[in-house]
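Note that the coordinates shown come from a computational prediction; the quantities given were computed from them, not determined experimentally. Residue numbers start at 1 and run along the sequence shown. Numbering of ligands and ligand atoms starts at 1, following listing order.
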Amino acid sequence: MSEKIIIVEDDGGVRFFLEEALKDEGYNTRAFESYEEASFEIGNDTGLIIMDIKLPGMDGLTAIEDIRKRADVPILIITAHGTKKNAMDAIRRGATDFFIKPIALDELKVMVKRVLGTRKLKRELDLSKEEELGQATFHGVVGKSEGMRTIFRNVEKFADKDITVLITGETGVGKEAIARLIHKLSKRGKEFVVVNCASIPDNLLESELFGYEKGAFTGAYQQKRGKFELAHAGTIVLDEIGEMSPYLQAKLLRVIEIKEIERLGDVKKRKVDVRIIATTNRDLEREMKEGGFREDLYYRLAQIHVIVPPLRERDEDVLLLVEHLLLDTSRETGRLITVADDARRVLLDYKWPGNVRELVNVIKRAAIMCDGDRITIDDLPLHLRSDHALTNATYSDKSLDEAISDLERKMIVDALKQTRGLQSKAAKLLGISERSIWYRIKKYNIDCT
Ligand SMILES: Nc1ncnc2c1ncn2[C@@H]1O[C@H](COP(=O)(O)OP(=O)(O)OP(=O)(O)O)[C@@H](O)[C@H]1O
Ligand SMILES: [Mg+2]
């Protein structure tokens, strides 16, 4: 059956005219005198609403806002001659177009056909796009590269088993996204608690994790449950586990072994049933060998080890993530934004040191800044473009000296990024002295903050 057209008009004559004219064209119509009556009929099968502005009860302008909150349906407004301002107001609030009374039959037919046609096309486009993109996501996590697909396959196998998981990978690769995925597929209730072990000082982290009784320490005015208790029957994510002190590492090990916790200042032991997922961008295996991280804890935490590959090793995922992000913005703003070919090449060439998080930021910003509905190379941040220019430089673009300087600058910037701005470490990476890196940072005016 064709989509329903709802008519809301208090003037009986106009209502009758509209209803008959549209029925003659084969449309399925329903007509009402007020928005209150019509509102019960608005649903998924509604293809179009034609509505007067002046109505008994809720007026048409307010009704537009109400419809917008409930359904994505085009709205055509009917307005009296000489009240064009109202019509503009209606468009601003989300109406698609307007008629001025008296309504001409031809105009009505053409407009209704056009609006319904556009809606159908848009739906088909959206659906086919979603279907296509849907195949490349796994419960909301985007990825079709071999690396991500292997992760999805494995997660499906172990998510509901009672084992600890260690997720490692560079900053912003999606470690937390994978942790959420594991939780979602674990069917372990809804508690998903993330604790960042790096951002909290050691003594606070202890009380944060295990909770405390009133008077346990100065400032403990009342008892507080810890994150382990809060995550009971659910999942706790220990983010940046590599930063945990040896003292807390020992305490954590005991919790994993006996599945019990004690609040600070309390002798009572409490049973906790929590799936532990640890995440880090540090190389725990190396730190374990060097003595910074307890070996016994490492093996307890890493019954399964998921390594999320950096985005630069997942070319297929870059453009896929971009498509997803743009589909999200188009849902929010109604603008369908695309990416020009040259901008695509830049996105693919870039090495994404900040991984998916960086990509998300770049695309969101570009979608806001671009003129029209197309992201071009000019909408991308400068450092992406200069990287691209550098990898694609040929002898005709630059003199040898310029090219060498560019390369030198780029290598220093990369090394500083890797070492989070630590000049001595960066110098070591590059095989030059600290004095030499200091000199070059000054020479190229590199921002180390
Ligand atoms: N495969 C993916 N599909 C969809 N969104 C993703 C994916 N990977 C990451 N993201 C998004 O990228 C951002 C960063 O991801 P996330 O926080 O999971 O990374 P992380 O590895 O935990 O970062 P950090 O090292 O800083 O803790 C989030 O907004 C997340 O939703
Ligand atoms: Mg994280």
Requested in this report: Can you confirm whether something in the protein, heavy atoms only, sits under 4.0 Å from atom 29 (O) of ligand 1?
Outcome: no
Report task. Hey, could you give me the CG/CD distance between L238 and E243, rounded to the nearest 0.5 Å? Result -> 13.0 Å
Write out the residue and atom name of the closest protein heavy atom to [atom], then the distance separating them to 0.1 Å.
atom: atom 20 (P) of ligand 1; result: K175 N, 3.4 Å
atom: atom 17 (O) of ligand 1; result: R357 NH2, 3.3 Å
atom: atom 3 (N) of ligand 1; result: V142 N, 2.9 Å
atom: atom 22 (O) of ligand 1; result: E176 N, 3.1 Å

Requested in this report: Have a look at V141, L325, V356, V360 and point out the one with the heavy atom closest to atom 10 (N) of ligand 1.
Outcome: V356
Query raised in the report: Looking only at heavy atoms of G172, does any of them come nearer than 4.0 Å to an atom of ligand 1?
Result: yes
Query raised in the report: Can L321 be said to touch ligand 1, with heavy atoms closer than 4.0 Å?
Result: yes
**Report entry** Verdict with reasoning, S145 to E316, per side-chain hydrogen bond (donor to acceptor under 3.5 Å, both in side chains)
**Finding:** CA-CA 6 Å; S145 59; E316 305 97 307; 5.1 Å; no
Query raised in the report: Are N281 and T171 linked by a side-chain donor-acceptor pair shorter than 3.5 Å?
Result: no
Report task. Assess the side chains of T338 and R374: does a donor N or O sit below 3.5 Å from an acceptor N or O? Result -> yes
Determine, for [X] against [Y], whether the closest basic-nitrogen to carboxylate-oxygen distance falls under 4.0 angstrom.
X: D296; Y: R294; result: yes
X: E257; Y: R300; result: yes
X: K428; Y: E434; result: no

Are any of the N/O atoms in [X] less than 3.5 Å from those in ligand 1?
X: R314; answer: no
X: A177; answer: yes
X: G174; answer: yes

Query - Numbered atoms and elements of ligand 1 in range of T171, under 4.0 angstrom, heavy atoms - result: 25 (O), 26 (O)
Query - Whether Y212 and F217 hold their rings parallel, tilted or perpendicular, with breakpoints at 30° and 60° - result: perpendicular
